[in-house]
Amino acid sequence: KKLAYERIPDYAPLTLDQLAENANRGGYQRAGIFAKQQGVQGVSEQEIFEYMMYDPMTLKADPAKGAEIYEKAKCADCHRFGNRGKDFGPDLTTIGSRFKRKDLVEAVLWPSKTISDLYAAEEVVLTNGNTYIGNVVAEEPNAIHFQVIPNPPLKIPKNQIAKRGPSKRSPMNEGLLDGLSMAEIANLFAYLQAGTEA
């Protein structure tokens with residue numbers, strides 16, 4: 001190693017003194033991959049997908065622990081699973097028997113990739129630039145009541161609406177797995193696939 005580092009000094013590891021010196025003059029930037037991140041926020045959706053599909057460690061996932069993650073990831077705010085959760089979005093109770101893991105993982109990572117006609121949403125853009133995705137639950141001559149899940153409906157005056165029409169995006173947010181570790185994500189999907197017996 002010593003001989004190799006002498007011949008190719010650019011590849012030699014920095015000493016602590018060199019590291020401190022470089023940091024002081026702004027020449028050292030810690031690689032993003034090593035920066036401490038919360039959960040999988042430093043990992044791409046593609047990497048999460050590949051881990052869930054191909055890593056044998058996911059076989060050790062614990063569905064019972066996945067029940068806690070179902071609450072932590074706020075899945076229960078919109079989806080019913082057995083006796084857990086609310087009925088805003090599709091019921092997930094039997095989803096493990098109806099869909100393959102690939103479909104489940106894709107639906108969570110990229111919720112707008114495929115949107116069922118049953119859960120199509122409307123997009124409302126206000127004159128102040130704010131955009132909401134949800135559904136009209138009531139309409140008055142001068143206002144609409146707009147449900148943005150999981151919040152109570154908003155009453156939006158029609159004179160504040162700049163644009164309104166079908167949404168190409170899902171009302172389900174992206175980044176729902178941020179803050180979870182890979183093991184927690186594996187436990188969540190194990191829970192969804194196992195059904196309510198878990």
Side-chain angles (χ1 to χ4, degrees), residues 38-41 45 48-49 52 61 63-126 128-140 142-158 160-181 184-198:
Q38 181 183 8
V40 293
Q41 288 171 309
E45 286 90 353
I48 297 170
F49 177 78
M52 290 305 305
K65 289 181 180 174
E68 298 167 26
I69 306 305
Y70 188 79
E71 304 281 349
K72 181 178 177 181
K74 305 216 179 283
C75 305
D77 285 358
C78 299
H79 299 281
R80 178 164 298 285
F81 192 88
N83 59 3
R84 290 176 196 270
K86 299 177 183 172
D87 292 314
F88 288 122
D91 188 316
L92 304 182
T93 305
T94 60
I95 201 161
S97 61
R98 294 184 287 123
F99 293 94
K100 294 180 180 177
R101 171 174 281 214
K102 177 179 182 286
D103 301 317
L104 294 178
V105 176
E106 283 184 346
V108 173
L109 291 175
W110 301 287
S112 297
K113 184 177 178 181
T114 306
I115 303 171
S116 165
D117 291 341
L118 295 171
Y119 296 96
E122 195 169 337
E123 186 169 301
V124 171
V125 181
L126 304 188
N128 66 5
N130 289 349
T131 301
Y132 298 101
I133 297 173
N135 297 98
V136 176
V137 292
E139 188 154 354
E140 300 171 8
N142 299 317
I144 61 171
H145 296 259
F146 199 71
Q147 177 82 57
V148 180
I149 296 168
N151 304 312
L154 297 166
K155 185 174 181 178
I156 304 174
K158 287 185 178 177
Q160 291 181 17
I161 298 173
K163 187 178 168 190
R164 176 181 167 188
S167 176
K168 294 181 180 176
R169 293 185 292 164
S170 170
M172 182 167 149
N173 294 325
E174 296 183 359
L176 293 173
L177 301 178
D178 288 355
L180 301 179
S181 68
E184 288 176 321
I185 294 170
N187 290 338
L188 172 63
F189 283 101
Y191 173 65
L192 292 174
Q193 290 186 285
T196 52
E197 301 80 30

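Keep in mind the model is a prediction, meaning the values are calculated, not measured. What you see below is based on every heavy atom in this structure, not just the backbone, and it leaves out hydrogens, waters and symmetry mates.
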Test item: [X] and [Y] side chains (from C-beta on) under 4.5 Å apart, heavy atoms:
| X | Y | result |
| --- | --- | --- |
| Val136 | Glu122 | yes |
| Ile144 | Arg164 | yes |
| Met172 | Cys78 | no |
| His79 | Phe88 | no |

For [X], all residues meeting side-chain contact (heavy atoms from CB on, under 4.5 Å), sequence neighbours excluded:
| X | answer |
| --- | --- |
| Asp87 | Arg80 |
| Lys74 | Asp77 |
| Ala143 | Glu140, Lys155 |

Ignoring hydrogens and geometry, is there a side-chain-to-backbone donor-acceptor pair from [X] to [Y] under 3.5 Å?
| X | Y | value |
| --- | --- | --- |
| Thr94 | Ser97 | no |
| Ser167 | Ala121 | no |
| Gln193 | Ala190 | no |
| Asn135 | Val137 | no |
| Thr131 | Val125 | no |

In Å and rounded to the nearest 0.5 Å, what is the [atom1] to [atom2] distance from [X] to [Y]?
| X | Y | atom1 | atom2 | result |
| --- | --- | --- | --- | --- |
| Leu104 | Leu188 | CG | CG | 9.5 Å |
| Lys72 | Leu180 | NZ | CG | 5.5 Å |
| Glu184 | Ile69 | CD | CD1 | 4.0 Å |
| Phe146 | Ile161 | CZ | CD1 | 8.5 Å |
| Ile156 | Asn130 | CD1 | CG | 9.5 Å |

Notebook entry, point to check: Which pairs with one or both residues in residues 88-104 pass salt bridge (Lys or Arg N to Asp or Glu O under 4.0 Å), sequence neighbours excluded?
Noted result: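 Matches after skipping sequence neighbours: Lys102-Glu106.
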Next item on the list: Mind checking ring-ring contact (aromatic ring centres under 6.0 Å, His included) for Tyr70 and listing every partner two or more places apart, or none if nothing turns up?
Entry: Phe81, Tyr191
Next item on the list: Go through the structure and list residues passing ring-ring contact (aromatic ring centres under 6.0 Å, His included) with Phe99, not counting sequence neighbours.
Entry: none
Item checked: Worked verdict on Val148 versus Ile133 for side-chain contact (heavy atoms from CB on, under 4.5 Å) -> CA-CA 6 Å; Val148 180; Ile133 297 173; over 6 Å; no
Next item on the list: Give the minimum heavy-atom separation between Arg169 and Ser112, together with the two atoms involved.
Entry: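 Between these two residues, the closest heavy atoms are CA-OG, 3.4 Å.
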Checklist line | Considering all heavy atoms, the nearest Ser170-Ile115 contact | finding: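 Distance-wise, the nearest heavy atoms are N-CD1, 3.5 Å.
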Note to self: Assess whether a salt bridge exists between Lys158 and Glu139, defined as any Lys/Arg side-chain N lying under 4.0 Å from an Asp/Glu carboxylate O.
What the structure shows: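 Result for this pair is yes, salt bridge flagged.
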Margin query: Check this for me: does any side-chain nitrogen of one of Glu123 and Lys168 sit under 4.0 Å from a carboxylate oxygen of the other?
Written below: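 Result for this pair is no, no salt bridge flagged.
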Next item on the list: May I have the step-by-step check of side-chain contact (heavy atoms from CB on, under 4.5 Å) for Val108 and Ile185, ending in yes or no?
Entry: CA-CA 11 Å; Val108 173; Ile185 294 170; over 6 Å; no
